[in-house]
Amino acid sequence: MMRAVSDALVITKRQLLQLTRVPEVLIFNTIQPVMFVLLFRYVFGGLGADIPGGYVQLLMPGIFVQTVTFTLAATAQGLAQDMEKGLIDRFRSLPIARSAVVMGRTLGDGLLNIVVLIVMGIAGYVVGWRPTSGAFKIFLGFLLLLFFGYALSWAGVFAGLISKDARVVANVSFLFTFPLTFLSNAFASTTSMPHALQYFAEWNPVSTMVAAVRQLYGFKNTFGATANSFPSQHPLTMSLVYMVVLMFIFIPLSVRRYNSAGNRK
Amino acid sequence: MKSIVAQGLVKTYRNGQVKALDGLNLDVEEGTVLGILGPNGAGKTTTVRILATLLQPDSGHATVGGIDVVKNPKAVREIIGLSGQYAAVDETLTGWDNLVMFGRLYHLSSKAAESRATELLEQFSLTESAKRPIKTYSGGMRRRLDLAASLIIRPKVLFLDEPTTGLDPRGRMEMWNVIEKLVKEGVTLLLTTQYLDEADQLADEIAVIDHGKVIARGTSDELKSEVGGERVEIVVAEADLIRTREVIDRVTGAKSNLDEGLRKLSAPVSNGGQSLIEVVRELDAANIHPLDIAMKRPSLDDVFMSLTGHAAEEAIAEETAIKKKRGAKK
Ligand SMILES: Nc1ncnc2c1ncn2[C@@H]1O[C@H](COP(=O)(O)OP(=O)(O)O)[C@@H](O)[C@H]1O
Ligand SMILES: [Mg+2]
């Protein structure tokens, strides 16, 4: 068990080393969300003039959640690349725990998210984001975001292991997560959506996450048709359920898949 | 003691449509080198992957160092080193980073991993490029680093899958030197190759495989005598062809082959260099000036021709066609 953890940390360390050798990756990973912050802040800044503190208060949790959902694509791409390069084969020929490589990768992507969230938080502060709930709850909010990213990372592991092509799997993962972040309450209230879509949007894990994080930062959500639905009443609980379910499904699947990775080449 | 034993290995792909291995048997005596010789698609990589615990056979049975590869893969991984057909190292990291990482994954302490990395970089003449990302390495350097990574724990049994394919002649020679040194140190080696001269150079024994089966096995001399030995080949000016042929037939005592297009004559010889000297002397006496003259050793193609009746190149051509199709699909 200790071995499995220390092996995983070697893999994580490798990922961090990669970041120092190819700093562009880290730079791009942080510039992109900061760009989103600026775009949304100043393009849609006029919206929600009636919101105390301005639209930016609702916006920031939305962008935080959107950014961590991209972890899925990042993890998938990283693993698929290792498969393509034959590195997974080499790792599998070593006497290490079956979980070590995938575990190490998810930890590495989690660490990267910490950096990204800190940079975004600072950018948000600069453009006027002011959470009102106190340091502890703000911290909990970030923790929740990290865990959400971590849970999605496991889905990414699975996607990366079954794919044949790193670029394709990254694009497919992105095509899957990107609409999810817009069919949600992240950037605009769901009340303006067609009725059927509102139901989808309010059960969407992105929405429950955004709502939960907003609550933790001291802001209220506006919900539409399904205002009394379970996810809109209990966004935090619902988000946690989603994360547990994701990991419950994808951790065992991924570890199994990793172990037979070569059986299909 | 047999270090590697494989019995009746069968592996099919695509629900049985592609039979990669079709009842493959082999064994390797401890401390010796077996060369698996076969064209593209013969089943070399599949064999290596099964023995290195990366792939499960559909049926059959194999042990490495006496340990069953299916029942106890983890114990097998503790004693083997594997260097695959393509260098499998992290290209963004430096050679040093890679070796230290693999050392740590073999559960060496940081310090031990570092000193082993230094040692291996030295041994493989990579010290100067140790701190450069692998991306900047030549093909030969990558393969050497990949091989170094498979030697971190001084494995008892080493698998090398086409270690020189894709290398230029210099890279190939360097790789051969490195491998020869390892063999002297007593490692048991299973090596696959598409080149007869490589198997000849490095292996104690050669197993020729085709369509997932061993079709011939023996030392390289045994195989060559089965194939027919060396030939002398001479290219002359058009006008000299007939006279040259008379000389060659007289000296070698055989009936020579004529390729009119290339103006090339070839004939089997029994005592190598000596026959060549005689041919040259006689040609000189007859005042014939050859444009080119060479001794030709049998190639993989010749081996295949005589063992299977089909050329190895056909298989290679087929395989490239398939690969191209696959690539196009992407
Ligand atoms: N994952 C796979 N799916 C389908 N066919 C495969 C797969 N891997 C190998 N094969 C086929 O199995 C045969 C043997 O392949 P391989 O062991 O790679 O040969 P070699 O290494 O000698 O070139 C080939 O016909 C190859 O196309
Ligand atoms: Mg091969």
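No experiment lies behind these values; they were computed from the predicted model shown. Lettering of chains follows the sequences in order, A, B, ..., and the numbering in each one begins at 1.
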Legend entry - Beyond-backbone contact of B:K19 with B:V10, side-chain heavy atoms, under 4.5 angstrom: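 Yes; the side chains approach each other to less than 4.5 Å.
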
Could you check which of [options] has the highest count of heavy-atom pairs closer than 4.5 Å to chain A?
{"options": "B:L105, B:V76, B:T92, B:V89", "result": "B:L105"}
{"options": "B:T53, B:I152, B:D90", "result": "B:D90"}
{"options": "B:T94, B:V100, B:I80", "result": "B:T94"}

Inset, instruction - Give the intermediate values and the outcome of salt bridge (Lys or Arg N to Asp or Glu O under 4.0 Å) for residues B:E91 and B:R142. - result: CA-CA 9 Å; B:E91 305 209 325; B:R142 275 173 211 229; 2.5 Å; yes

Inset, instruction - Could you tell me whether A:F142 and A:F64 have their ring centroids closer than 6.0 angstrom? - result: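 Distance test on ring centres: under 6.0 Å, yes.
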
Inset, instruction - List the steps, then state whether salt bridge (Lys or Arg N to Asp or Glu O under 4.0 Å) holds for B:E114 with B:K111. - result: CA-CA 5 Å; B:E114 286 175 11; B:K111 231 176 138 198; over 6 Å; no

Legend entry - Contact leader toward chain B among A:V168, A:V10, A:L87, A:V22, where contacts are heavy-atom pairs under 4.5 Å: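 Option with the top pair count is A:L87.
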
Inset, instruction - Could I get the full list of side chain to side chain donor-acceptor pair (under 3.5 Å) partners for B:S83, not counting sequence neighbours? - result: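 Testing B:S83 for side chain to side chain donor-acceptor pair (under 3.5 Å), a comparison that skips the adjacent residues, returns B:D146.
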
Inset, instruction - Select one option (side chain, backbone, both, neither) describing which atoms of B:A149 are under 4.5 Å from chain A's heavy atoms. - result: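 For B:A149, heavy atoms of backbone and side chain both lie under 4.5 Å from chain A.
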
